[in-house]
Amino acid sequence: MIKRVLYFSQPVWLSFENNNMVARFKVIEQQPEVKKAMGEEAEKRFHLDDVGFVVLDHRQITLTHPLLAQLASRNIALLSCDDTHHPIGLHLPLYSNTLQTERYKAQIEASEPLRKQLWAQLIRQKIKNQSAVLLHTGLHTEANHLKAMSNEVKSGDSGNLEATASYYYWQHIFQGIEDFKRKREGEPPNNMLNYGYAILRAIVARALVASGLLPTLGLHHHNRYNPFCLADDMMEPYRPFVDRLVYQIIKKNGLKEELDRETKAELLAIPFIDVEIANETSPLMNAVQYSCQSLVKCFEGSKRNLVLPEMN
């Protein structure tokens with residue numbers, strides 16, 4: 001089932017009532033002339049069974065504790081943004097799977113060779129998808145170069161081809177932007193990429209928790225200060241879908257220095273991008289769930305290969 005993404009960027013009171021999130025918009029409630037001019041209602045209701053993500057992006061948003069508890073119990077990811085309008089916090093449930101303890105045990109006891117094999121699968125598919133992005137931009141020779149590189153990835157990516165491929169990829173993807181460097185604090189469109197990756201990370205973390213896995217304990221990432229190491233591992237082959245969307249937005253609207261409301265709205269479509277996975281087409285949100293469930297089977301020993309997205 002496709003879940004909705006709710007994005008709040010204005011003052012609003014959020015509460016829970018009869019399986020609904022109730023949103024009371026302060027400006028409309030306090031200024032009847034706004035309601036008259038815009039035709040907007042001061043109160044809106046969203047059935048929580050239809051909601052997958054809630055993004056809070058305004059300093060004057062207030063929400064109740066019962067609503068927070070309901071969001072957690074239904075595995076609805078809650079993203080909060082900072083004063084620069086970038087996602088900075090993620091609220092997820094502690095318990096969301098009946099087999100959680102059993103799956104934690106399988107995850108913790110996974111052997112080092114298995115972890116290395118799984119990491120190689122993730123990086124191999126990430127580079128293949130990066131190759132597809134370059135092909136999408138018309139760079140056939142460069143795409144073939146990356147595709148060939150993907151076939152060279154070994155267990156644990158011992159040759160660090162992930163870094164080599166990424167360096168090559170970022171040199172070519174934004175052809176019209178001179179001297180582009182992929183850096184978190186770098187020049188645009190790094191801000192668009194950061195925003196898109198934050199959304200993607202929340203999608204992956206939500207799917208991991210729903211699958212009964214610990215997002216903290218990674219296959220490859222192991223930074224002691226990172227609570228989402230496994231999410232950062234599993235999102236690798238999905239990153240190129242964000243990159244391609246950013247490329248398409250820039251091609252359509254041009255490069256903007258600031259993330260405006262329209263651009264963020266386009267990036268919030270990430271959960272609904274069509275993804276080819278297991279010979280089917282699924283929304284990215286569902287595809288991530290398939291990948292995480294396949295990871296569970298690998299940890300439990302019933303499968304050896306992850307189910308990962310393929311980009312055409």
Side-chain angles (χ1 to χ4, degrees), residues 1-25 43-82 85-100 103-104 195-216 227-228 230-232 234-235 238 241-242 264-273 275 282-293 295-296:
M1 178 181 174
I2 305 298
K3 299 285 188 177
R4 298 179 67 180
V5 176
L6 303 181
Y7 174 68
F8 296 99
S9 61
Q10 58 179 296
V12 62
W13 285 289
L14 299 174
S15 60
F16 172 74
E17 185 180 317
N18 295 331
N19 291 319
N20 289 286
M21 172 190 285
V22 181
R24 289 168 54 205
F25 295 92
E43 180 179 301
K44 291 185 179 178
R45 290 170 177 258
F46 306 94
H47 200 285
L48 289 179
D49 287 347
D50 300 330
V51 180
F53 292 87
V54 178
V55 183
L56 307 180
D57 190 11
H58 197 283
R59 298 183 70 178
Q60 296 181 45
I61 293 174
T62 306
L63 67 166
T64 64
H65 180 250
L67 175 62
L68 269 178
Q70 285 293 328
L71 295 177
S73 68
R74 296 163 188 257
N75 196 26
I76 298 172
L78 179 69
L79 274 170
S80 56
C81 299
D82 61 14
H85 307 289
H86 282 84
I88 191 173
L90 174 60
H91 181 244
L92 287 171
L94 289 174
Y95 308 100
S96 62
N97 191 289
T98 54
L99 301 176
Q100 189 165 294
R103 291 183 174 174
Y104 281 3
Y195 196 90
Y197 292 155
I199 300 296
L200 177 60
R201 195 188 203 200
I203 294 170
V204 176
R206 175 181 178 274
L208 287 170
V209 171
S211 300
L213 296 172
L214 267 173
T216 306
F228 297 108
L230 187 57
D232 290 344
M234 293 299 291
M235 68 186 279
Y238 286 93
F241 291 91
V242 176
K264 283 189 280 190
E266 293 195 71
L267 291 169
L268 286 170
I270 287 170
F272 313 111
I273 293 175
V275 170
S282 297
L284 184 143
M285 188 190 301
N286 292 358
V288 169
Q289 192 67 55
Y290 295 148
S291 294
C292 292
Q293 288 169 355
L295 178 60
V296 170

Approximate separation, where rounding is to 0.5 Å, of K3 NZ and M285 CE = 8.5 Å

query = Side chains of Y238 and I203: does their closest heavy-atom pair fall under 4.5 Å?
reply = no

ask   = Are F16 and L48 close enough that some pair of their side-chain heavy atoms sits under 4.5 Å apart?
value = yes

Contact check, side chains of L56 and L14, non-hydrogen atoms, under 4.5 Å = yes

inquiry  = Could you check whether any side-chain heavy atom of I199 comes within less than 4.5 Å of a side-chain heavy atom of V242, counting everything from C-beta outward?
reply    = no

Interatomic spacing from CE in M234 to SG in C292 - rounded to 0.5 Å = 4.5 Å

task = Evaluate the side-chain proximity of M21 to V54: yes if any heavy-atom separation is below 4.5 Å, no if none is.
result = yes

request  = Using the side-chain contact (heavy atoms from CB on, under 4.5 Å) rule, pick out the option among V296, L230, V288, L214 that qualifies with L208.
outcome  = L230

message = With a 4.5 Å cut-off on side-chain heavy atoms, are K44 and F25 touching?
response = yes

query = Can you list the residues that meet the side chain to side chain contact (heavy atoms under 4.5 Å, CB included) rule with T216, with sequence neighbours excluded?
reply = none

ask   = Taking atom CD1 of I76 and atom CG of L92, what is their separation to the nearest 0.5 Å?
value = 11.5 Å

message = For a 4.5 angstrom cut-off between non-hydrogen side-chain atoms, does N75 reach V209?
response = yes

Note, D57 side chain near K264 side chain (heavy atom, < 4.5 Å) = yes

note = Heavy atoms of L90 and A205 approach each other most closely as CD2-CB, 3.8 Å

remark   = Rounded to the nearest 0.5 Å, the OH atom of Y104 sits from the CG atom of L213 at a distance of 8.5 Å

Rounded distance (nearest 0.5 Å) linking atom OG of S15 with atom CG of N20 = 10.0 Å

query = If every non-hydrogen atom of E43 is compared with every non-hydrogen atom of R24, which pair is closest and at what distance?
reply = OE1-CG, 3.9 Å

message = I'd like to know if the side chain of E17 reaches the main chain of R45, judged simply by a donor and an acceptor atom lying under 3.5 Å from each other, with no hydrogens or angles considered.
response = no

Distance-only donor-acceptor pairs under 3.5 Å for side chains of residues 64-71, two or more places apart:
residue: T64; atom: OG1; partner: L67; partner atom: N; Å: 3.3
residue: Q70; atom: OE1; partner: R74; partner atom: NE; Å: 3.0
residue: Q70; atom: OE1; partner: R74; partner atom: NH2; Å: 3.2

task = Establish, yes or no, whether the cationic atom of R4 lies under 6.0 Å from the six-membered ring centre of F46 and within 45° of the ring axis.
result = no

task = Over all heavy atoms of both residues, which pair between Q289 and S211 is shortest? Give the atoms and the distance, please.
result = NE2-OG, 3.0 Å

Please report, to 0.1 Å, the donor-acceptor pairs under 3.5 Å made by any side chain of residues 265-273, with sequence neighbours excluded.
residue: E266; atom: OE1; partner: K252; partner atom: NZ; Å: 2.8
residue: E266; atom: OE2; partner: N253; partner atom: ND2; Å: 3.0

note = For R206 and G52, the nearest pair of non-hydrogen atoms, with its separation, is NE-O, 3.4 Å

